[in-house]
Amino acid sequence: MNPGAGVSISVKDVRKVFKKFPALHGVSLEFEAGKMHGIIGPEGSGKTTMLRIVLGLLTPAEGSVAYFDGGRPVPLEAIRPSIAYMPQAQSLYADLSIDEHLEFFRDLYSLPPDVYKKKREELLAITRLAEFVDRPAGKLSGGMYKKLGLMCALLRSPRVLVLDEPTTGVDPISRRELWALLYHMLDQGILILVTTAYMDEAERCSKVHLIEAGKLFIAGEPRVLLEQEGARTFDELFIRRAEALP
């Protein structure tokens with residue numbers, strides 16, 4: 001796929017302060033079209049704050065976020081309808097079934113019947129939730145609950161998918177299934193931004209951005225970074241780089 005054909009995002013020197021507490025310290029990130037970008041760091045490192053600034057939900061104290069469609073600068077409003085966001089704390093309705101959730105988001109997105117039918121069948125197949133469509137969300141396992149949230153986000157066929165720690169609190173098997181879903185979406189050429197505190201998930205991304213205490217200290221392709229740093233794992237690389245932060 002031509003990288004210039006999709007949506008890309010450029011973050012320049014972004015700084016954010018909450019009640020005199022600096023959450024981000026002049027962070028710059030480049031999110032290339034058609035790739036899966038992992039924003040990796042422990043709790044409180046600034047990952048969610050960065051996502052919310054990219055989505056326009058927060059305004060940076062300093063710095064800027066630029067959006068591009070096919071390499072051409074565009075305002076956020078131009079691509080906002082093409083962005084799907086899955087927050088860490090999902091607000092699904094415990095008493096609504098999987099099918100009822102899909103129908104709710106169908107109406108929310110004003111999807112035509114033929115488009116909805118095709119998308120519904122596709123998503124139920126790849127999530128393997130077809131036999132559970134009548135089960136209320138409150139009775140789903142943690143992994144199934146996350147997959148339902150992802151399905152609701154994907155109904156609108158986004159060009160940008162933003163997920164805040166989608167695998168947190170999920171069992172190992174469901175984690176693998178969620179990553180398989182993300183790879184399926186990546187094959188469709190969309191831009192994916194995903195945050196995680198799990199260092200082992202860094203190697204699953206096209207490009208990683210490691211942050212700690214609101215500071216970006218390394219970014220690049222996973223294998224290249226490990227080779228450059230002479231590290232066997234991202235846990236080792238992270239500890240080494242974090243200790244060197246001023």
Side-chain angles (χ1 to χ4, degrees), residues 1-2 4-9 31 33-37 51-52 54-57 67-70 72 74-167 170 174 177-195:
M1 177 183 172
N2 177 8
V7 174
S8 58
I9 302 171
F31 299 127
K35 292 187 177 183
M36 187 187 306
H37 292 263
L51 285 191
R52 290 176 178 172
V54 167
L55 291 166
L57 301 176
Y67 308 87
F68 303 87
D69 191 350
R72 179 177 58 89
V74 294
L76 173 59
E77 290 70 23
I79 61 168
R80 193 188 297 276
S82 302
I83 299 175
Y85 174 43
M86 181 174 153
Q88 183 178 356
Q90 299 178 65
S91 55
L92 301 178
Y93 298 95
D95 57 337
L96 292 186
S97 68
I98 289 176
D99 234 357
E100 288 169 333
H101 273 93
L102 294 178
E103 290 169 359
F104 173 81
F105 281 91
R106 173 201 63 194
D107 295 340
L108 183 65
Y109 299 147
S110 300
L111 296 178
D114 56 334
V115 173
Y116 169 71
K117 181 180 179 181
K118 180 179 179 181
K119 198 67 180 179
R120 175 186 178 278
E121 292 175 354
E122 174 191 352
L123 291 173
L124 287 173
I126 63 176
T127 57
R128 294 189 289 184
L129 291 179
E131 62 181 293
F132 305 104
V133 292
D134 295 324
R135 183 174 297 184
K139 295 185 178 180
L140 298 176
S141 67
M144 294 169 71
Y145 189 89
K146 292 276 188 176
K147 286 193 283 188
L148 173 57
L150 186 55
M151 278 201 300
C152 293
L154 293 174
L155 263 182
R156 68 192 309 179
S157 299
R159 301 173 65 201
V160 180
L161 179 60
V162 180
L163 307 106
D164 194 5
E165 302 206 29
T167 58
V170 173
S174 294
E177 291 178 345
L178 282 166
W179 278 103
L181 283 173
L182 295 184
Y183 287 139
H184 178 81
M185 295 300 110
L186 193 62
D187 288 341
Q188 298 180 15
I190 71 175
L191 168 62
I192 300 176
L193 309 184
V194 55
T195 68

Would you mind reporting whether [Y] and [X] have side-chain heavy atoms less than 4.5 Å apart?
| X | Y | answer |
| --- | --- | --- |
| Leu155 | Leu111 | yes |
| Trp179 | Met36 | yes |
| Val7 | Val74 | no |
| Leu150 | Thr127 | no |
| Leu154 | Leu181 | no |

Looking only at heavy atoms, which two atoms of [X] and [Y] are closest? And how far apart?
| X | Y | result |
| --- | --- | --- |
| His101 | Cys152 | CB-SG, 4.1 Å |
| Ala94 | Pro136 | O-CB, 3.4 Å |
| Val170 | Gly143 | CG1-CA, 4.0 Å |
| Ile192 | Leu186 | CD1-N, 3.9 Å |
| Ala33 | Ser8 | N-CB, 3.8 Å |

Open item on the list: Run the side-chain contact (heavy atoms from CB on, under 4.5 Å) test on Arg120 and Asp99 for me, step by step, so that the C-alpha distance in whole Å, both residues' side-chain angles and the decisive distance to 0.1 Å come before the verdict.
Closed with: CA-CA 9 Å; Arg120 175 186 178 278; Asp99 234 357; 3.0 Å; yes
Open item on the list: With a sphere of 6.0 Å drawn around OH of Tyr93, does it hold more than 12 non-hydrogen atoms of other residues, nucleotides or ligands?
Closed with: no
- [ ] Please confirm whether the backbone N or O of Val54 pairs with a side-chain atom of Tyr67, one donor and one acceptor, at under 3.5 Å?
- [x] yes
Going from [atom1] on [X] to [atom2] on [Y], what distance comes out if it is rounded to the nearest 0.5 angstrom?
| X | Y | atom1 | atom2 | value |
| --- | --- | --- | --- | --- |
| Ile9 | Leu193 | CD1 | CG | 5.5 Å |
| Ser141 | Arg135 | OG | CZ | 8.0 Å |
| Tyr109 | Ser157 | OH | OG | 10.5 Å |
| Leu108 | Arg156 | CG | CZ | 7.5 Å |
| Asp114 | Lys117 | CG | NZ | 9.5 Å |
| Met185 | Leu161 | CE | CG | 8.0 Å |

Open item on the list: Test side-chain contact (heavy atoms from CB on, under 4.5 Å) on Lys146 and Glu177; report intermediate values, then the result.
Closed with: CA-CA 11 Å; Lys146 292 276 188 176; Glu177 291 178 345; over 6 Å; no
Open item on the list: Apply side-chain contact (heavy atoms from CB on, under 4.5 Å) to residues Met151 and Leu124 and explain how you reach the verdict.
Closed with: CA-CA 8 Å; Met151 278 201 300; Leu124 287 173; 4.0 Å; yes
Task: Modelled atom types, side-chain donor and acceptor of Thr195 and Asp164, under 3.5 Å - done: yes
TODO: Please test Leu178 against Lys147 for side-chain contact (heavy atoms from CB on, under 4.5 Å), starting from the C-alpha separation and ending with a verdict.
DONE: CA-CA 7 Å; Leu178 282 166; Lys147 286 193 283 188; 3.7 Å; yes
Please tabulate, one pair per line, all N/O donor-acceptor pairs under 3.5 Å involving side-chain atoms of residues 80-87, not counting sequence neighbours.
{"residue": "Arg80", "atom": "NH1", "partner": "Leu55", "partner atom": "O", "Å": "3.4"}

